[in-house]
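Here the structure comes first, spelled out in structure tokens, and everything after it is commentary.
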Protein chains: 2
Amino acid sequence: MRVIKNVCKNDAALPIISAMTRVTIKDVARIAGVSPSAVSRVFTDGASASEATREKVLTVARDLGYRPSLLARGLVGTRTNLVTLVMGRMHDPFDALFLDELAEALAARGTRLMLASAGRDAAGDSGLLQALDYKSDAVIVAAGTMSPEHADLCVRAGLPVILSGRVLDAPGVDSVLADNVGGGRQAAELLVRTGCRRLAYLGRGGATFSDRERLKGFAGAASRAGIEVATTAVADRDHGTVFQAATDLFAGPAPPDGLFASTDSMAIAAIEAARAVGLSVPDDLSIVGFNNVPAAAWRSNQLTTVDYPIAGVVSGILDLLDSRLADPDRAREVRRIPTGLVVRATTREKHPHRRGCP
Amino acid sequence: MRVIKNVCKNDAALPIISAMTRVTIKDVARIAGVSPSAVSRVFTDGASASEATREKVLTVARDLGYRPSLLARGLVGTRTNLVTLVMGRMHDPFDALFLDELAEALAARGTRLMLASAGRDAAGDSGLLQALDYKSDAVIVAAGTMSPEHADLCVRAGLPVILSGRVLDAPGVDSVLADNVGGGRQAAELLVRTGCRRLAYLGRGGATFSDRERLKGFAGAASRAGIEVATTAVADRDHGTVFQAATDLFAGPAPPDGLFASTDSMAIAAIEAARAVGLSVPDDLSIVGFNNVPAAAWRSNQLTTVDYPIAGVVSGILDLLDSRLADPDRAREVRRIPTGLVVRATTREKHPHRRGCP
DNA sequence: CTGAAAGCGCTTACAG
DNA sequence: CTGAAAGCGCTTACAG
């Protein structure tokens, strides 16, 4: 390798990067007339280096186009500034919103992001291993169900695990999530308040953590109002499947007058199903979604929904990341970010049945 | 560090990973009674090791929970099996579809994916630098506009650059993209064929590479049919902004009877605008989108659109990646993947004005 | 097939 | 403030 160094001279006025040959700390040290240690210190925040040295090194580094190898740094250093995110397939527009916000926030603080698909193994443990293999500072798990065993393995290995959107009662494993239970409650209270009496929940049949929590909050609040919730479960979150399930529900023997869907995507499919069977929304049927994705605001949907506090969840994750890195032994923390209701046109005005009351 | 090794004994029947202490190749070598080189060979495909050695090493490695450090491997080896993807903000559902497919395809071949936001700098050069810093096998650029200078820098440094959705005429820089021009042509031909005569293009005003190409194909085919295309540009791709622009266009002095939008998202906003101003789609106005995102198929949209061949583009990228790694000096290649037309309900039946002809 | 040695590019105590 | 030395965890020629 070294043999061909400089065989191919630069012909342009660009940094002197010979083909295939990386500029190393030694090159900079040699040309600047200092030791590699000195160069290293100049590139390390808070390390001691005289102004003269700093200037010499910086100049040479710039001229040579030197950049410290993150691989070498990671190998020897204690922190890599790298975080691994375990995600599932991004089948819902919401997933992109979340990833976008997280990626942006991490980039803003100079943290690199590596992706690992939860993919085949439900536990997403291949993602954890990948995080370990690259010595990630932490792994953020936003998909699948993590087993306590795997979580424990990571924590022992010194890899902080932060769960997004799910909770695991394992020592050292932090969680950040939207207050799904609260959001479900808000949905139920809105529907009840606006006169709905036959409430239904359209969800994944408990297939995901969020789905279970949202139903719990919804059913709980409904129950307090003396209403029992009918649930419809759909195996696949695909639009067509949900549309069909909703159509069956609406055309069935006990159609609801108030529906809460696990996600906006499902709620939108329900709106279309309502139209298909000739139900008027919100006159015959009120619908509430969850997430507040852009499509919820579209003119043809105007979906009332529970707003997922993405920014809050993301900053919660960064917060917990910092805290955990600062103190690896701190107690686990679960942070639930409050949701808000965004009332649009798929629910009725307040108190329609109280019209005329004082 | 080493001092605390084994201070905290394992209490469970899990691999022996002492707190904070990584199992290294030396540990495995020592316990297996072989040299580190031997262990390395066992973990290297196609390296020579006797069956006895292999078995011993593998057993010990499993018991100890040993995994080769990718950092160390990357530092010393010639390939890292790591690819960096430069993406912009994921404001369109399409972005998630693409990333999802790419991530899945890379994972399937055992390649790790690192994310770099194009973010602030339009050139996305920070992403390139990040790719360099981690010794990525290649960088896939799917956002922003890359300057020839930066591309050249990467190629010189031995970092293959693969452009997705854009083309750059620089040596060694490969590209894969949907045939935008062809797609635009298909849209125009469909509209003309179904009787539209006043064609309009709703796009980003040439802000992106795709936008320019789609308009080019559309306007070219329209021109061959003797029709001049009116273009409407929108600065922000936000739904509300597009809705307003489309409303203005439709309510303006020269409303079109056939509209081609740069993306499905924009086309859907246009559908809603048409409804808002009382235009009937497709009777008064035909609309064609681009991408074929899930929402295009929704009952309330039923959007006729040009299908973006995501799978084809992704496999093209992997293909070019392999080729480039196998032969770094090969000529640059631009691969355009054919698009297809998905005809739904926002365009008319064929030849409505020829009704009665033989 | 196998091990000793050198090296990847960097940082971290350690003396000065 | 500075440099020599050791080491991070691995692989790659090089002899055997």
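The chains referred to below are lettered A, B, ... by the order of the sequence lines, with proteins before strands, and numbering in each begins at 1. Computed from a predicted model, the values in this text were never measured in an experiment.
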_Quick check for you: to the nearest 0.5 Å, what is the distance between Ser315(A) atom OG and Glu101(A) atom CD?_
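Between atom OG of Ser315(A) and atom CD of Glu101(A) there are 8.5 Å.
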*So how far is it from Leu168(B) CG to Phe209(B) CZ, rounded to the nearest 0.5 Å?*
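Nearest 0.5 Å value for the CG-CZ distance: 9.0 Å.
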Please state how far atom [atom1] in [X] lies from atom [atom2] in [N], giving the value in whole angstrom units.
{"X": "Lys135(B)", "N": "dT11(D)", "atom1": "NZ", "atom2": "P", "value": "12 Å"}
{"X": "Asp27(B)", "N": "dG7(D)", "atom1": "CG", "atom2": "P", "value": "15 Å"}
{"X": "Phe43(B)", "N": "dG9(D)", "atom1": "CZ", "atom2": "P", "value": "16 Å"}
{"X": "Leu71(A)", "N": "dG9(C)", "atom1": "CG", "atom2": "P", "value": "10 Å"}
{"X": "Glu51(A)", "N": "dC1(D)", "atom1": "CD", "atom2": "P", "value": "11 Å"}
{"X": "Ile25(A)", "N": "dA5(D)", "atom1": "CD1", "atom2": "P", "value": "17 Å"}
{"X": "Leu75(A)", "N": "dG7(C)", "atom1": "CG", "atom2": "P", "value": "17 Å"}
{"X": "Leu132(A)", "N": "dG9(D)", "atom1": "CG", "atom2": "P", "value": "13 Å"}

So, is [X] close to the [N] phosphate, meaning a side-chain N or O under 4.0 Å from OP1 or OP2?
{"X": "Ser40(A)", "N": "dT11(C)", "answer": "yes"}
{"X": "Tyr66(B)", "N": "dC10(D)", "answer": "yes"}
{"X": "Arg73(B)", "N": "dG9(D)", "answer": "no"}
{"X": "Ser50(A)", "N": "dT2(D)", "answer": "yes"}
{"X": "Thr53(A)", "N": "dT2(D)", "answer": "yes"}
{"X": "Ser69(B)", "N": "dG9(D)", "answer": "no"}

*asked:* On DNA chain C, does the nearest nucleotide to Pro68(A) precede the nearest nucleotide to Ser37(B) from the 5' side, or the other way round? Give the residue.
replied: Ser37(B)
*Please figure out whether Ala49(B) or Val39(A) has its closest DNA chain C nucleotide nearer the 5' end.*
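Whichever sits nearer the 5' end wins; that is Ala49(B).
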_Expected output: side-chain Thr111(B) to main-chain Ala107(B) donor-acceptor under 3.5 Å_ = no
*Which part of the nucleic acid, if any, lies within contact of Arg67(B), taking any heavy atom under 4.0 Å across all strands shown: a base, the sugar-phosphate backbone alone, or nothing?*
sugar-phosphate
*Does a side-chain heavy-atom distance below 4.5 Å link Ile162(A) with Val141(A)?*
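No, every pair of side-chain atoms sits at 4.5 Å or beyond.
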*Side chain to side chain, Arg330(A) and Asp174(A), heavy atoms closer than 4.5 Å*: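 Touching, per the 4.5 Å side-chain cut-off.
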*Please collect all side chain to side chain donor-acceptor pair (under 3.5 Å) contacts where either partner lies in residues 33-47 of chain A, sequence neighbours excluded, each pair once.*
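Sorted result for residues 33-47 of chain A: empty, none.
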*So what does the secondary structure string of DNA chain C come out as, 5' to 3', with Watson-Crick or wobble pairs under 3.5 angstrom, [ ] for crossing and | for pairs with another strand?*
|||.||||||||.|||
*Measure from the side-chain heavy atoms of Val76(B) and tell me the nearest of dG9(C), dC1(C), dC8(C).*
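It is dC8(C).
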*Any idea which of dT2(D), dC10(D), dG3(D) is nearest the Val34(A) side chain?*
dG3(D)
*Go through the N and O atoms of the side chain of Arg41(B) and the base of dG3(C), and report whether any donor-acceptor pair is under 3.5 Å.*
yes
_Salt bridge present between Asp95(A) and Arg89(A) (N-O < 4.0 angstrom)_ =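 No, no charged N to carboxylate O under 4.0 Å.
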_I'd like to check the side chain to side chain donor-acceptor pair (under 3.5 Å) partners of Ser50(A); sequence neighbours left out, ordered by chain and number._
Thr53(A)
